[in-house]
Amino acid sequence: MVASTAAAEIPQPVERMLDNAPLNAEARCSYTRLRLDDELREERYEAGADGAPWVLVSVDGDPPSTVEQRHYARGQDGRDRRHPLAFDLRDMVDPEHWELVEESAGRAVYAFRLRPNEDLDETLVDKVVGTLVLDPERDQPVRIVIENTEPAYVAPFVRVAEYRQQLDFEWNEAVGAAVLIQRETVMRGRALGLKLLRKDKLVRYQDYVCAPASEETVAAAGG
């Protein structure tokens, strides 16, 4: 079955998926981050005590050095340091631009449009498309893809010809939700018309360990 009717609000299966996200993931879930592109690197992050932010506890199996701790502290609010379970499509997607493009017993595929923000203005938003693959039985994400539909200037004299980011998810019985297991980013472009820009980044996330959600958190979520 295929449908192509634009929705005026977030579709109910997507809304249920958003409501099924792990509660208070940043405060209670530890994980391992593996970078597998030009820089091979394994980092272990542990949830902090008493709700403190998660902390870097090892790099390639060893305690982090002073320099690595300083680098982590400076960058922990950056995109690469964001907790893999701490994302919300509500913050990213224009709720009036969801479209069901494919539906079957085992999956539903939605197209969506990103919200304009400080990094993505209206002109760029029109050149980017998002796709969500959803498991309708569990109301959980399977894959999210964001890619450009045509070349665009993202800054003066910086032209991106190709951009694609894919997030893959997998059901985790211990967590009780689908968790991000891989993030792949590909970018091709040019700066000043001469310098070739190329980015290939592959990051995997594994070994999730989550403490139970507190009664206060469950109650606040309506559980």
Side-chain angles (χ1 to χ4, degrees), residues 4 6-10 14 18 21 26 33-43 45 53-54 56 59 64 67-99 101 109-133 141 143-169 180-205:
S4 58
E9 58 185 14
I10 299 177
V14 177
L18 297 172
E26 293 185 59
R33 178 180 185 269
L34 297 172
R35 182 165 176 172
L36 300 170
D37 43 65
D38 294 337
E39 177 189 2
L40 301 178
R41 186 180 178 90
E42 177 181 312
E43 299 170 340
Y45 295 89
W54 69 100
L56 176 66
V59 177
V67 173
E68 288 167 335
Q69 288 176 328
R70 189 183 306 123
H71 176 76
Y72 164 72
R74 286 200 306 264
Q76 65 182 355
D77 291 331
R79 192 163 305 186
D80 283 348
R81 299 300 182 188
R82 188 175 300 163
H83 196 288
L85 302 185
F87 75 95
D88 191 337
L89 280 177
R90 289 188 185 94
D91 297 333
M92 300 168 55
V93 178
D94 183 337
E96 296 185 356
H97 288 82
W98 284 97
E99 181 182 359
V101 296
V109 181
Y110 292 89
F112 60 83
R113 182 181 187 268
L114 298 177
R115 293 179 187 267
N117 56 40
E118 60 183 16
D119 298 320
L120 199 67
D121 61 24
E122 285 282 359
T123 303
L124 291 177
V125 160
D126 290 337
K127 298 178 180 180
V128 176
V129 63
T131 303
L132 165 67
V133 180
R143 178 172 300 119
I144 297 173
V145 178
I146 297 172
E147 55 193 332
N148 67 318
T149 57
E150 59 181 287
Y153 283 91
V154 297
F157 310 111
V158 179
R159 181 177 185 270
V160 173
E162 177 187 359
Y163 177 85
R164 188 176 193 274
Q165 184 173 84
Q166 178 171 316
L167 310 178
D168 291 306
F169 299 81
L180 179 64
I181 59 168
Q182 183 165 288
R183 182 194 303 265
E184 184 174 14
T185 306
V186 174
M187 186 187 75
R188 301 286 185 272
R190 289 189 180 276
L192 300 173
L194 298 173
K195 183 180 179 181
L196 180 65
L197 301 178
R198 175 171 178 165
K199 180 179 182 180
D200 293 285
K201 187 173 183 179
L202 180 62
V203 179
R204 289 181 183 158
Y205 303 90

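The residues of the chain are indexed from 1 along the displayed sequence. Keep in mind it's a predicted model, so treat the numbers as computed, not measured.
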Looking only at heavy atoms, which two atoms of D91 and R115 are closest? And how far apart?
O-CD, 3.7 Å
Kindly say whether Y163 contributes a backbone atom to a donor-acceptor pair with the side chain of N148 at under 3.5 angstrom?
yes
What's the spacing between K199 NZ and D37 CG if we round to 0.5 Å?
9.5 Å
Working to the nearest 0.5 angstrom, can you tell me the gap between F157 CZ and L194 CG?
11.5 Å
Reported CZ-to-CG distance for the pair R204 and L180, which is rounded to 0.5 angstrom
12.0 Å
Under 3.5 Å donor-acceptor, R41 side chain and R33 backbone
no
Short N-O contact, D168 and R143, less than 4.0 angstrom:
yes
Heavy-atom pair with the smallest gap, counting every atom of E184 and L202:
CB-CD1, 3.9 Å
Can you find a heavy atom in the side chain of I144 that is under 4.5 Å from one in the side chain of F169?
yes
Of all heavy-atom pairs linking L132 and P141, the shortest is CD1-CB, 4.3 Å
Heavy-atom closest contact (T149 atom, V128 atom, distance)
OG1-N, 4.3 Å
Check this for me, if you would: do D200 and R164 make a salt bridge, where the nitrogen-to-carboxylate-oxygen distance has to be below 4.0 angstrom?
no
Among W54, Y45, Y205, find the residue that satisfies the ring pair (Phe, Tyr, Trp, His ring centres under 6.0 Å) test when tested with H83.
W54
With side chains defined as the heavy atoms from C-beta onward, is the minimum distance between R35 and K201 less than 4.5 Å?
yes
Quick check against the 3.5 Å criterion: does T131 have a side-chain atom that pairs as donor or acceptor with the backbone of A111?
no
I need the minimum non-hydrogen distance between P151 and A161, along with the two atoms involved.
CB-CA, 4.1 Å
Testing the basics here: between V59 and E68, what is the closest heavy-atom pair and its distance to 0.1 Å?
CG1-OE2, 3.5 Å
Nearest 0.5 Å, what's the OH-CG distance between Y110 and L89?
12.5 Å
For the atom pair CG (L114) and NZ (K127), what is the distance rounded to the nearest 0.5 Å?
15.0 Å
Between the CD atom in Q166 and the CD atom in E147, the distance rounded to the nearest 0.5 Å is 9.0 Å
